[in-house]
There are 2 protein chains.
Amino acid sequence: MSISTKDKLAWTAAKLFQEKGFDGVGLNEILAAAGLPKGSLYHHFPNGKKDLALEAAALADREMVRIINDAFASAETYRHGVSTLFHKLAKLFELLGSHTGCPISEILFAGPDRNEFRTRSATYFNGWIACIEGHAIRLGETEAAAQQQAERLFISLQGCWTLARANEDSDQLRRAPELLF
Amino acid sequence: MSISTKDKLAWTAAKLFQEKGFDGVGLNEILAAAGLPKGSLYHHFPNGKKDLALEAAALADREMVRIINDAFASAETYRHGVSTLFHKLAKLFELLGSHTGCPISEILFAGPDRNEFRTRSATYFNGWIACIEGHAIRLGETEAAAQQQAERLFISLQGCWTLARANEDSDQLRRAPELLF
DNA sequence: ATAGCAATAGACCGACCGGTCTAATTGAGG
DNA sequence: CCTCAATTAGACCGGTCGGTCTATTGCTAT
């Protein structure tokens, strides 16, 4: 069985939202890219664009958590994990196209219901930080250090990605570990 | 003589773009907020929304450079300057409303003419970094260290602002200096 | 005073927006 | 085979978008 219609819509939406932001993409554009009619969208996402955006953000969140876990799974030290993570992100940045932004920011900082969206972005971001913190602790950092390291890592991730986007240069992400330690 | 019509339009646009992004704000909304008719806009900005966005971004850039220079002007050490800068930014974050984003990103990562806009964002961002680097050198850092410190500072600024926005918490910016040193 | 240009004012336009609704199609259970 | 619900398909809607155009106002130089 191939990918479900619902997933196809959500993935297509996630990709386009990352490129142009919530308000920068029209439903017709998403549907054309997915090759689906409007009826399917409103069948699977009764609340239209809002539901679609939330699902796309959830998808992007899971994907990012997966990437973080992947990077640290094979690492023997925290530093090593950080380095692997940023190299993976640099690859991802190139793959997505260097004009792409953070999916969560692009989707959830705009849109209707600003507070609901914003709250969700905080949940996701703090989830990433908690996830990193867990790996740091597992790899031998003290709890206090791990908390701080995780926050630093997240902040560098956001900042470096922004700079990489402006300069269209994935090396901004590859050089991030040097800045962190 | 009071503020010119052109400036009023650009400032109003800058504020709204920061809150909702380039595609999230309509011209009518900007004009209503500025209390001006459409004719004025197209008189002062013949290319409409595009010109207005570029002018708003230029305004925001100058403002940020001013803030950076202010913070470091009275500083006796680089660290001291960094601390002052982040406290100023935390204040600004509260003043603008905690849903506000980086003006440059919000305006220049979206919009038409993606490449022209993106190039300009790179120019502004690298200008900020160069500006910080200058202060670092003036305050006794070596050139190599200054370059790296400036980049780290910029990255932290972007990352912390994002986290502050998600969590609606200006303290994310105030705590930034601790993460940097 | 008035000629002439800069600026303000807003009606108006086609295109596209997100969203609704009805019809056709599909596929699993009886 | 037939039924019937799930899904796909897309025409259609009012509203808003960015942008154009004409008229009027205000100011300045002569």
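Below, chain A is the first sequence line, B the second, and so on; all start at residue 1. These numbers were taken from a predicted model, which means no experiment stands behind them.
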Taking distance alone, no hydrogens or angles, what donor-acceptor pairs closer than 3.5 Å link side-chain atoms of residues 71-85 of chain A to residues at least two apart or in another chain?
{"unit_1": "Thr77(A)", "atom_1": "OG1", "unit_2": "His80(A)", "atom_2": "N", "d": "3.0"}
{"unit_1": "Tyr78(A)", "atom_1": "OH", "unit_2": "Gln149(A)", "atom_2": "O", "d": "3.4"}
{"unit_1": "Thr84(A)", "atom_1": "OG1", "unit_2": "His80(A)", "atom_2": "O", "d": "3.0"}

Derivation and outcome, salt bridge (Lys or Arg N to Asp or Glu O under 4.0 Å), residues Glu63(B) and Arg66(B): CA-CA 5 Å; Glu63(B) 183 69 9; Arg66(B) 200 186 56 69; 2.9 Å; yes
What residues, two or more places apart in sequence or in another chain, satisfy side chain to side chain contact (heavy atoms under 4.5 Å, CB included) together with Ala58(A)? Arg62(A), Tyr124(A)
Residues which pass side chain to side chain contact (heavy atoms under 4.5 Å, CB included) with Ala33(A), listed by chain and number, not counting sequence neighbours: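 Ala33(A): side chain to side chain contact (heavy atoms under 4.5 Å, CB included) contacts with Thr12(A), Leu16(A).
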Between Phe117(B) and Phe109(B) (judged by ring centroids, cut-off 6.0 Å), do the two rings come close enough to count as a pair? no
Measure from the side-chain N and O atoms of Asn167(A) to the backbone N and O of Asp169(A), and report whether any donor-acceptor pair falls under 3.5 Å.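 Checked: no pair found.
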Between the protein and nucleotides 4-7 of chain C, list every N/O to N/O distance that falls short of 3.5 Å.
{"unit_1": "dA7(C)", "atom_1": "OP2", "unit_2": "His43(B)", "atom_2": "NE2", "d": "2.5"}
{"unit_1": "dA7(C)", "atom_1": "O5'", "unit_2": "His43(B)", "atom_2": "NE2", "d": "3.3"}

Validation: residues 19-29 of chain B side-chain donor-acceptor distances under 3.5 Å, sequence neighbours left out:
{"unit_1": "Lys20(B)", "atom_1": "NZ", "unit_2": "Glu29(B)", "atom_2": "OE2", "d": "2.7"}
{"unit_1": "Asn28(B)", "atom_1": "OD1", "unit_2": "Lys38(B)", "atom_2": "NZ", "d": "3.1"}

For DNA chain C, which residues in residues 104-111 of chain B have a heavy atom at a distance below 4.0 Å? none
Residue pairs passing the ring pair (Phe, Tyr, Trp, His ring centres under 6.0 Å) test where at least one lies in residues 157-181 of chain B, sequence neighbours excluded: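 Passing the test, one end in residues 157-181 of chain B: Phe93(B)-Trp161(B).
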Checking Arg165(B) against Glu106(B) for the salt bridge (Lys or Arg N to Asp or Glu O under 4.0 Å) test, could you report, in this order, the C-alpha distance in whole Å, the side-chain angles of both residues, the deciding distance, and whether it holds? CA-CA 13 Å; Arg165(B) 200 177 174 194; Glu106(B) 293 293 330; 2.9 Å; yes
Verify whether one side chain among Glu151(B) and Gln147(B) offers a donor that lies under 3.5 Å from an acceptor in the other.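 Checked: Glu151(B)/Gln147(B) side chains pair up, N/O donor to acceptor below 3.5 Å.
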Give, ordered by number, those residues of residues 6-19 of chain A having at least one heavy-atom distance below 4.0 Å to an atom of DNA chain D; if nothing qualifies, reply none. none
Residue pairs involving residues 86-102 of chain A (criterion salt bridge (charged side-chain N to carboxylate O under 4.0 Å, His left out); sequence neighbours excluded): Glu94(A)-Arg174(A)
Which salt bridge (charged side-chain N to carboxylate O under 4.0 Å, His left out) pairs, counting each pair once, include a residue from residues 123-136 of chain A, with sequence neighbours left out?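 Those involving residues 123-136 of chain A do not exist here.
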Is the number of heavy atoms from other residues, nucleotides or ligands within 6.0 Å of NZ (Lys15(B)) greater than 12?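 No.
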Inter-residue atom distance Asp61(A).CG - Arg120(A).CZ, 0.5 Å rounding: 10.5 Å
Can you check each nucleotide of nucleotides 12-27 of chain D against protein heavy atoms at under 4.0 Å and return B for base, S for sugar-phosphate only, - for none, in 5' to 3' order? -----SBBB-------
Check: Ser105(A) and Thr162(B) side chains under 4.5 Å, non-hydrogen atoms: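 Counting from C-beta outward, Thr162(B) and Ser105(A) do come under 4.5 Å.
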In degrees rounded to 10°, what angle is found between the helical axes fit to the five outermost pairs at each end of the helix from dA1(C)-dT30(D) to dG30(C)-dC1(D)?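 One end's axis against the other's: 10°.
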